[in-house]
Structure formats: C-alpha cells, structure tokens
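Everything quoted here is computed from the prediction, not taken from an experiment.
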Amino acid sequence: MTTNARTLAGIGLLLAAVACFAVLDTTTKRVTVGAPLLMAVWARYFFQALVASALILPQKGLAVLKTDNLGMHLTRGALLMVVTLLAFSSLHVMPVGEFTAIVMTTPLLVTLLAARLLGEYVSPMRVALVLGGFAGTAIIVRPGGGTLDFYSWHILLPLGMVVANAGFQLLTSKMARTEAAMTTQFYTSWVGALLASIPLYWFWTTIDNPALWLGLLVMGLAGAAGHMLMIMAFERAPAATLMPYMYLQIGFAMLGGWFMFDHIPDHMSLLGIGLIAACGTAGGLLTLYESRLRREP
C-alpha cells in the first residue's frame, strides 16, 4: 500500500472511530434516562473489555500482559474511568452536540500542559488558538442562557472531565513511546471494568426492559470499536494528519442529538461549537505545517 493510500485509509478509519464515539455518547444519554448511571459506566467497560479480549488475545495471547510499566497502565485505566464517569454525568444534564464540542477542547488544553509538564515549545499562535477554543466553551456555557446554568455546580462536570481527559492524553502520549498499543488497550479496558464493578454491590438495579440492555450493549460495542479503529488509524497515518478530522465528531454528535432527541443547538451555541472546531482544526493544520518545515533541509 502506498503512503497516500495508507493515509487515506487512516483518515477513513478515524472517521469511523469518531462516528462510533458519537454513537456511544448519544446512546449513553438515551440509556441513562432509564438505567442507573453507575450501571451504564459498568456496561460501557465490561462489554468493551470482552470485545477487546476477543480481538486481542487470539493475536497476542498472554504476551499482551507483558509490561514494565504496570503502574502506568493502572493509572491510565483509573483516569479514563474518571473521565467516563464525568462524561456520563455531563451527558445526563446537557445535549450531546454541545458536550462533544467541550470535549474537543482537550487537545487544546493538552497543548498548554505539554509546554508546562513536558517542556515542549508552544508558539504564540498555538496559545491564541487555545484561548479561542476556551472562548468557544464559554459561549456554550454562557451565563443566563447557555447549555448549562453558569452558576450551577453542573458546570464542573464537563470542565472537570476536560482536565482529567487532558491528563489521560498526556499519560497516553508518554506511554506510547514504550508500550504496545494492544497491551495498553487491554489493560485500560479491564482496569475500567474492574473498577466499575466494585460499586455494583451496592447500586445494582434489576433492568427488565430489553431495550435498555440493548442500549448498554451498544455502548460497550461502540466504545470498543471506536478505540480499536482509532488505534488502527494512528498505525496508518501521522497524528498531525489525523487531528483536524477529529472535530468531525462534533458533527456526528449534533446529528445524533437531532435524530434521537430532536435537539438543535441555538445560534450562540453553534457559534461556540464552530469556534472550538475552527481553533482545533487550525491547531492540527499548524502541527502538520510545522512538521513539514522541520523535514525541509
């Protein structure tokens, strides 16, 4: 396969991955109306862990467990568990499209944290794009008329999720230098499944509605498929090439919100969503441009 063909394949796989994540978020919002939040979190990880095991173990066997950084894997799994819990709680109180737009500020925050924690250089243009993305978030959750009541504690849910997700992404970036993708996926899935299983002793609720169980299953399958497709995408194309396409998840999420809940963001929210998408896409294109400059003699 030529380089261009591999890149196009990577972009296609990434689009499929973000579509799966939009399905996960939309289904989560639907399911948590009738199922307890903690059971939804458990189902998301348990079914994902089963699917991941079915795909990974036949290829790698028990060798997938081999690692010199078990503590990092446990930390990564726990961080993603926190992200998931905050994400599901956020979806319970806000629309899917606006939620997804706020999630998409994570790469922008990672840019600033990487400069501080990893010593990476961040240009003034990147700082401006980060500020633009956060301005878009402020428009979405604006006081007195946004997606959330600005003075409500609910606003801490998506904002806390973005911070936790940024930490998760930074740790993932560090681990990618030494850890196999399949090993990371396997540990993360099962750490999340085990942690999510602990509260069920106290919070398990019998669900008699088959549609709810189907929704819980779809959540796990969509999460597993999304993560596997994303791994396959990054194996075929550079991150700098793929990042601008990540923001199409906002479009998929808005489509899901319209189809499932008949919700269309108001004009100001659309402005905020557009600003986040524009700044994020510009950041990805800037990374691609800078990488090309570094390759030139």
Side-chain angles (χ1 to χ4, degrees), residues 13-62 64-65 73-74 76-92 96 99-100 103 161 164-165 168 172 180-233 249 252-253 256 259-260:
L13 289 166
L14 182 74
L15 293 179
V18 298
C20 286
F21 291 141
V23 170
L24 169 62
D25 292 340
T26 304
T27 307
T28 296
K29 186 168 181 64
R30 171 66 72 182
V31 167
T32 52
V33 173
L37 179 66
L38 290 175
M39 285 189 65
V41 174
W42 167 78
R44 181 253 192 275
Y45 277 105
F46 181 72
F47 290 125
Q48 176 176 325
L50 291 180
V51 172
S53 299
L55 293 173
I56 294 172
L57 289 179
Q59 298 182 49
K60 299 294 184 179
L62 294 180
V64 74
L65 298 173
H73 285 289
L74 297 179
R76 184 179 188 271
L79 268 176
L80 187 57
M81 176 69 180
V82 172
V83 171
T84 302
L85 186 58
L86 290 172
F88 283 19
S89 300
S90 300
L91 283 165
H92 199 61
V96 181
F99 162 79
T100 303
V103 173
M161 177 206 60
N165 198 18
F168 170 80
T172 300
M182 293 296 184
T183 297
T184 300
Q185 172 74 352
F186 186 85
Y187 273 109
T188 298
S189 298
W190 277 109
V191 168
L194 292 174
L195 289 177
S197 298
I198 295 173
L200 292 185
Y201 179 83
W202 296 277
F203 295 102
W204 179 269
T205 300
T206 301
I207 297 177
D208 298 321
N209 187 346
L212 282 181
W213 277 112
L214 178 61
L216 292 170
L217 176 61
V218 168
M219 287 166 54
L221 293 177
H227 282 286
M228 294 303 298
L229 287 167
M230 184 165 288
I231 289 173
M232 293 168 63
Q249 184 176 340
F252 286 125
F259 181 75
M260 294 292 292

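- Rounded to the nearest 0.5 Å, atoms CG (L62) and CG (L57) are 7.0 Å apart.
- The minimum heavy-atom distance linking A78 with V191 is given by the pair N-CG1, 3.9 Å.
- Take Y187 and apply the side chain to side chain donor-acceptor pair (under 3.5 Å) test, not counting sequence neighbours, and it matches no residue.
- By the 4.5 Å heavy-atom criterion applied to side chains, T183 and F186 are not counted as neighbours.
- Considering all non-hydrogen atoms of both residues, A193 and A49 come closest at CB-CB, 4.1 Å.
- Nearest heavy-atom pair, P199 versus L38, reported as atom, atom and distance to 0.1 Å: CB-CD1, 4.0 Å.
- Separating the SG atom in C20 from the CG atom in L15 is a distance of 11.0 Å, to the nearest 0.5 Å.
- Judged as a side-chain contact (heavy atoms from CB on, under 4.5 Å), and not counting sequence neighbours, the contacts of T188 are R76, L80, T184.
- Heavy atoms only, all atoms of each residue included: V23 and T27 are closest at O-OG1, 2.7 Å.
- Under the 4.5 Å side-chain criterion, counting only non-hydrogen atoms from C-beta, T26 is not in contact with F21.
- For the atom pair K60 NZ and L55 CG, the distance stands at 13.0 Å (nearest 0.5 Å).
- Scanning all heavy atoms of the two residues, the minimum distance from A224 to Q185 falls at O-NE2, 4.4 Å.
- By the side-chain contact (heavy atoms from CB on, under 4.5 Å) test, F88 pairs with T28, L37, A40, V41, R44, T84, M219, sequence neighbours left out.
- The two atoms that bring S53 and W190 nearest to each other are OG-NE1, 2.7 Å, heavy atoms only.
- For the atom pair CG (L216) and CH2 (W42), the distance works out to 7.5 Å, reported to the nearest 0.5 Å.
- Summarising the geometry, atom CZ belonging to R30 is positioned 13.0 Å from atom CG belonging to L91; distances are rounded to the nearest 0.5 Å.
- Atoms CE and CH2, from M39 and W213 in turn, are 4.5 Å apart once rounded to the nearest 0.5 Å.
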